K.L.:
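Could you have a look at this structure, given as structure tokens, before my questions?
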Amino acid sequence: MAQWYAAPESSVILPSGTHKSVTDIHKADGKGIHSMEMPFDLVIFGGFGDLSRKKLLPALYAGFVAGHLPPDTRIYLTSRKPLTETVPSFLQTVFDETIPACPVEVDTLNAFARQVIPIALDLSKAGDDWTGLQATLSVDHTRPLVHFLAVPPRVFTSTTDLLGQYALNTARARIVLEKPLGHDRESARAINDAVAKSFTEEQTFRIDHYLGKEAVQNLLALRFSNILFEELWNKNIVDHVQITIAEDQGVKGRAEFYEGIGAMRDMVQSHLLQLLCLVSMEAPATLDAASIREEKLKVLRCLKPLSGSDIDDNVVRGQYAAGAIKGQAVGAYTEDLRLEAPSRTETFVAIKAHIENWRWAGVPFYLRTGKRMTERFAEIIIQFKCVPHAPQKDWQPDLRPNKFVIRLQPEDHLALRFMVKHHGGVGDKLREVDMNLDENIHDGAVRLGPYLRLILDAAAGNQSLFVHRDEVGMAWQWVDRIVEHWDTDASGPVDYPAGTWGPYEAHDLLARDGRKWYRL
């Protein structure tokens, strides 16, 4: 019988070589990370769109296969046009596109399809379709109701207004907002104000899927359950921190959104600043939403604002030119978008940032993100200071500072990197080794992917891994200063060949400090 394995980016991960029937799945003992007995209703607005097809539906199907999606959960997919094929056929097409190397077991797919209901719905105006949705969702008032806006931000306001108009914003309802939330602080505030007319802050879940990744959760567990890390996690021991999100893909498929937005608004304002907050925040009193948010806000308040010449000295922006990825020639950004004139939109950003508080004063945080880079990965490097003195001369050529490596993609990985004597070598030469802190992925456990984790958290009303509107506003305030400075700068982004690690200026940003970008 065919087996199906979930992609780690979008779903849960089943132990290699296992297969469970639907009957076995629904008899599972619920020992996973999340076990929610109460079924819920999930409405994915933009249910046939890119985000739904590539991330949400694979995540939900994987949760169904692994027994993490409560039985009788209903998944409604809205679209302006009705579905013209059967649900199983549509889902088969989706999974062929997203996980082509992993065949789907037909009976399991059909069982999942019975929980998926397509609905034709116009998000711009009231009508009979909304009345029908209201009647459908009003059948059971006890089930949590999750509205996931997998649509462009320009229709957030009309959609939330209509949800309020048709009383689909009751106490059991939650609304999930996918990034980007606006294009600056003012537009983000306008969206949040519009949403707040129909949904309270407690009902509003602003999603950042990086916060749902297993490695991020492990980072919090390691930091706040082990005194060892607390003693090391400060300016006395840490030399610097690197946070990188690199992509080997260009902007094809996102051209309409990306031009004029760029990497700063798309990635830095959300993912990179959120990861910076989690790495650097103080220990919260408890790991509830309010306590975590307060500590993240403290970090954002202490993030040194950049302006004028500080931006020129501490921020690098680039745009990919023609090059090669894995031996295949690829075009420049302007070619991918078929632009006749040059573009000022950056596809790469590197930043040297500082958090001005007692714990981190003087420690640089280097942030980097880019498209068409050498490979796709996301990781956080905590680099500790070098030993003050090497008592053995033979150590000098090989001595390296200790590092804590947190890799978020393409796979989760945690490791401590330190020095030991070279095994069996002559003399006292050193070598670098990793202390692997990963859980055994072959122990039969089922791990949740970020989107499934966050959907289940939203259904359960748990906001711990979501972003408060105050965080959004403060992050935009910091980013807006940089973007406004760029708007007055005639130079524009510098070119870097596709398939490289970005502009030379980004390497110089660290080289000036006697450091370099790390890659495991």
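For the single chain, residues carry numbers from 1 onward in sequence order. Bear in mind the structure is a predicted one, so any value in this text is a computation, not a measurement. Computed over heavy atoms, backbone and side chain alike; hydrogens, waters and symmetry mates excluded.
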K.L.:
Would you call Asp470-Arg293 a salt bridge at under 4.0 Å N-O?
P.N.:
no
K.L.:
Is there side-chain contact between Arg453 and Glu214, with heavy atoms separated by less than 4.5 Å?
P.N.:
yes
K.L.:
Verify whether one side chain among Gln477 and Arg185 offers a donor that lies under 3.5 Å from an acceptor in the other.
P.N.:
yes
K.L.:
Hey, is Glu294 close enough to Arg301 for a salt bridge, meaning N to O under 4.0 Å?
P.N.:
yes
K.L.:
What I want to check is whether the side chains of Asp288 and Ser291 have a donor and an acceptor closer together than 3.5 Å.
P.N.:
yes
K.L.:
Would you indicate whether the side-chain heavy atoms of Met474 and Leu303 approach each other to under 4.5 Å?
P.N.:
no
K.L.:
Report the relative orientation of the aromatic rings in Phe148 and Tyr451; use parallel for angles under 30°, tilted for 30 to 60°, perpendicular for over 60°.
P.N.:
tilted
K.L.:
With a 4.0 Å cut-off on N to O distance, would you call Asp313 and Arg512 a salt bridge?
P.N.:
no
K.L.:
If you look at every heavy atom in Gly164 and Ser198, which pair is closest and at what distance?
P.N.:
CA-OG, 3.9 Å
K.L.:
Using the test side-chain contact (heavy atoms from CB on, under 4.5 Å), find all partners of Gln242 that sit at least two apart in sequence or belong to another chain.
P.N.:
His240, Tyr366, Ile381, Leu510, Trp517, Tyr518
K.L.:
Within a reach of under 6.0 Å around NZ of Lys385, are more than 12 heavy atoms found that belong to other residues, nucleotides or ligands?
P.N.:
yes
K.L.:
With under 30° as parallel and over 60° as perpendicular, where do the rings of His271 and His209 fit, or are they tilted in between?
P.N.:
perpendicular
K.L.:
Would a 4.5 Å heavy-atom cut-off, applied to side chains only, mark Glu346 and Val349 as touching?
P.N.:
yes
K.L.:
Is the distance between the ring centroids of Phe404 and Phe229 under 6.0 Å?
P.N.:
yes
K.L.:
Taking atom types as modelled, find out whether Gln165 and Asp161 have a side-chain donor-acceptor pair closer than 3.5 angstrom.
P.N.:
no
K.L.:
Distance alone, cut at 3.5 Å: any donor-acceptor contact between the side chains of Gln274 and Lys296?
P.N.:
yes
K.L.:
Go through the steps for Asp122 and Arg80 under the test salt bridge (charged side-chain N to carboxylate O under 4.0 Å, His left out), then give the verdict.
P.N.:
CA-CA 5 Å; Asp122 189 337; Arg80 182 182 291 270; 3.5 Å; yes
K.L.:
Quick one, Glu97 with Arg53, criterion salt bridge (charged side-chain N to carboxylate O under 4.0 Å, His left out). Give me CA distance, side-chain angles, the key distance, then yes/no.
P.N.:
CA-CA 9 Å; Glu97 293 172 353; Arg53 297 171 71 101; 3.1 Å; yes
K.L.:
Could you tell me whether Lys371 and Glu247 have a side-chain N and a carboxylate O separated by less than 4.0 Å?
P.N.:
yes
K.L.:
May I ask you to decide if the ring planes of Phe199 and His147 are parallel, tilted or perpendicular, using 30° and 60° as cut-offs?
P.N.:
perpendicular
K.L.:
Any donor-acceptor pair under 3.5 Å linking the side-chain atoms of Thr345 with those of Gln319?
P.N.:
no
K.L.:
For residues 492-505, pull every pair meeting side chain to side chain donor-acceptor pair (under 3.5 Å), keeping only residues two or more places apart or in separate chains.
P.N.:
Thr347-Tyr496
